[in-house]
2 protein chains.
Amino acid sequence: MPKTPSPLSQDADASGTEPKSEKARDRILAVAEEVIAEQGFAGTSLRTIAARADVPVALISYHFGSKLELYRSIFRLRVPTIVGQRQIGLEIARMESDLDRRLELVVRALIVPMLGLRNSGHFGAILAREITEPANVERGIFTEMFDPVARMILTALHECLPDWSKAEIHYAYNTMLGAMMFFMADTGRIARLSDGAADPDRNEEASQHLVAILVAGLRHRAR
Amino acid sequence: MPKTPSPLSQDADASGTEPKSEKARDRILAVAEEVIAEQGFAGTSLRTIAARADVPVALISYHFGSKLELYRSIFRLRVPTIVGQRQIGLEIARMESDLDRRLELVVRALIVPMLGLRNSGHFGAILAREITEPANVERGIFTEMFDPVARMILTALHECLPDWSKAEIHYAYNTMLGAMMFFMADTGRIARLSDGAADPDRNEEASQHLVAILVAGLRHRAR
DNA sequence: CCGCGTCTTGAACAGGTGTTCAATATTATT
DNA sequence: AATAATATTGAACACCTGTTCAAGACGCGG
């Protein structure tokens, strides 16, 4: 077993301290993210990853224990950053006393950190697909890593829209989440159908349009 | 090769006319839909399907030729119904001269036929997952079966929102599509997080909330 | 009855799957 | 420099993958 097979091998930006041998582990992780984003979890074989990372297959099992643990490691590496960004976004939103303006800030706190993923790596596609897989319930990744911050957003939404029912809040939240995931997971269809007029790869532009539509949608009863 | 391996073995509600032997074929198709919805295309093995349908594996290859063709057969069976419902919804919408009211009808034509899938079978989950898989580009299912009706909806939207740019129309369309797919693919997370206050399985309720939010979102510049 | 086209079956195929193991190489510690 | 700890390697494991094939079962018009 490796020296640091356990959770906290990659908690922050601590780099350079770990032995040079970590290099192979990191390479595997990066390649795995890439390949799984392309082929999905079930559709990816460890040998494909091993070949592209230029390591023997056995080394993957050595560092991560199992295919599923390798998968979870990707989430352990990426999720904390996103969650942190969201939390800060929510804190900033809470400082705004005008509820109407605060609403927009909350929506931004939900959308912006995630749409940004499209420009930095392939994790967005993995995330968007994992949330639609029934098997995700067993894996427990979302329950464990995202449910807490999801509840924070739901609370923040409720504060902005005090006269909305619980059901309305949840339908609204999932409408936003779904739209966002869809843009994150897009494989070029949007650009193709629009001849490039709309393109999630231009994520600032996409974020602005998304936020504008969603915020307006959320105000439909507040006004 | 079977008598009717080709496209048009199941075009309408014609039943009873084909030989009794069709029974096994239909059973395979139904079970495949179920299993693939649960485990995904790559995650499903033909032997799992065969076992649950109580037929030998070889029979699947005999009737459908290959795993991929079996998959496509599911779409060939289900998609025409949905597309047809959408087209009628669009025709009805076109009869409404008030653009503001027509907009709502167009959104309904997009949302309602699909959210209804949740109550009838497992196809919704398959659809929602297929659209997020990069491999779908090669398979060409969406390009072939959905792009045409997608363009019809885009045109209809543009007619309702004449002052919107092409980009805005496309961002709006995909926002709606994404939200819808998310509800279709939901695996219980929505109900769990909301303690049952929101639940895509109550699809009339869900449709109404979704349409309300999205229509309001689309009116944000029209007003 | 036969013969014919359509289904069905079990066995086998060649190749791919994740994981394990003992042996070796590398690095860190004393 | 010697020793212990950690990484890396290639081979092998048992099992599962989609597909093929020849042999048989079924229903039906002659």
Side-chain angles (χ1 to χ4, degrees), chain A residues 1-10 14-32 35-36 38-74 135 138-139, chain B residues 1-6 8-10 15-32 35-36 38-74 135 138-139:
Chain A
M1 271 294 194
K3 186 192 174 188
T4 52
S6 36
L8 15 100
S9 109
Q10 309 260 23
S15 65
T17 60
E18 44 265 12
K20 186 193 167 192
S21 54
E22 280 281 47
K23 255 184 160 178
R25 207 191 109 107
D26 290 348
R27 205 155 12 111
I28 292 169
L29 209 51
V31 169
V35 178
I36 293 180
E38 279 172 28
Q39 332 224 24
F41 176 72
T44 297
S45 89
L46 293 186
R47 281 171 170 84
T48 307
I49 297 174
R52 242 200 265 192
D54 200 41
V55 296
V57 238
L59 198 56
I60 302 181
S61 294
Y62 170 73
H63 277 299
F64 299 93
S66 72
K67 188 186 178 187
L68 184 60
E69 268 319 298
L70 166 62
Y71 189 57
R72 303 186 67 123
S73 296
I74 297 175
E138 294 175 18
R139 293 187 197 128
Chain B
M1 272 296 193
K3 187 190 173 189
T4 53
S6 35
L8 17 99
S9 108
Q10 311 259 23
S15 64
T17 59
E18 44 265 11
K20 186 193 168 192
S21 52
E22 280 282 48
K23 255 188 166 177
R25 206 190 108 105
D26 289 349
R27 207 157 9 113
I28 292 170
L29 209 51
V31 169
V35 178
I36 293 180
E38 279 172 27
Q39 331 224 26
F41 177 71
T44 297
S45 89
L46 293 186
R47 281 171 170 84
T48 307
I49 297 174
R52 242 200 263 192
D54 201 41
V55 296
V57 237
L59 198 56
I60 302 181
S61 294
Y62 170 74
H63 277 299
F64 298 93
S66 72
K67 189 187 177 187
L68 184 60
E69 268 320 299
L70 166 61
Y71 188 57
R72 303 186 68 123
S73 296
I74 298 175
E138 294 177 18
R139 293 186 199 129

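Proteins get letters first, then strands, A, B, ... in listed order; numbering begins at 1 in each.
- Out of dT8(D), dG10(C), dG18(C), the shortest distance to the side chain of Lys67(A) is found at dG18(C).
- Taking atom CZ of residue Arg27(A) and atom C1' of nucleotide dT8(D), one finds them 11 Å apart after rounding to whole Å.
- Here dT19(D) is the nucleotide among dT19(D), dG10(D), dT19(C) with the atom lying nearest to any side-chain atom of Leu46(B).
- In this structure, Lys67(B) contributes its side chain and Ile60(B) its backbone to no donor-acceptor pair below 3.5 Å.
- Distance alone, capped at 3.5 Å, places no donor-acceptor pair between the Arg139(A) side chain and the Arg72(A) backbone.
- Residue contacts for Thr44(A): at a heavy-atom cut-off of 4.0 Å it reaches the sugar-phosphate backbone alone, with no base atom in range.
- The side-chain contact (heavy atoms from CB on, under 4.5 Å) test applied to Ala58(A) returns no partner, not counting sequence neighbours.
- One interatomic measurement links the two molecules: CG of Leu70(A) to P of dT19(C), which rounds to 10 Å at whole-angstrom precision.
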message = For Watson-Crick and G-U wobble pairs within 3.5 Å on both distances, what is DNA chain D written in dot-bracket notation, | included for inter-strand pairing?
response = .||||||||||||||||||||||.||||..
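- Closest approach of Phe64(B) and Glu69(B) over heavy atoms only: O-CB, 3.0 Å.
- Interface remark: the Arg47(A) side chain does not form any donor-acceptor pair with the dG16(C) base, using a distance-only criterion of under 3.5 Å.
- Applying the 4.0 Å criterion to OP1 and OP2 of dG18(C), one finds that Ser61(A) has every side-chain N and O outside that range.
- Between His63(A) and dT6(D), a side-chain N or O to OP1/OP2 separation shorter than 4.0 Å is absent.
- If Leu59(A) and Phe41(B) are placed on DNA chain D by their nearest nucleotide, the residue sitting closer to the 5' end is Leu59(A).
- For the pair Tyr62(A) OH and dT26(C) C1', the computed distance is 11 Å after rounding to whole Å.
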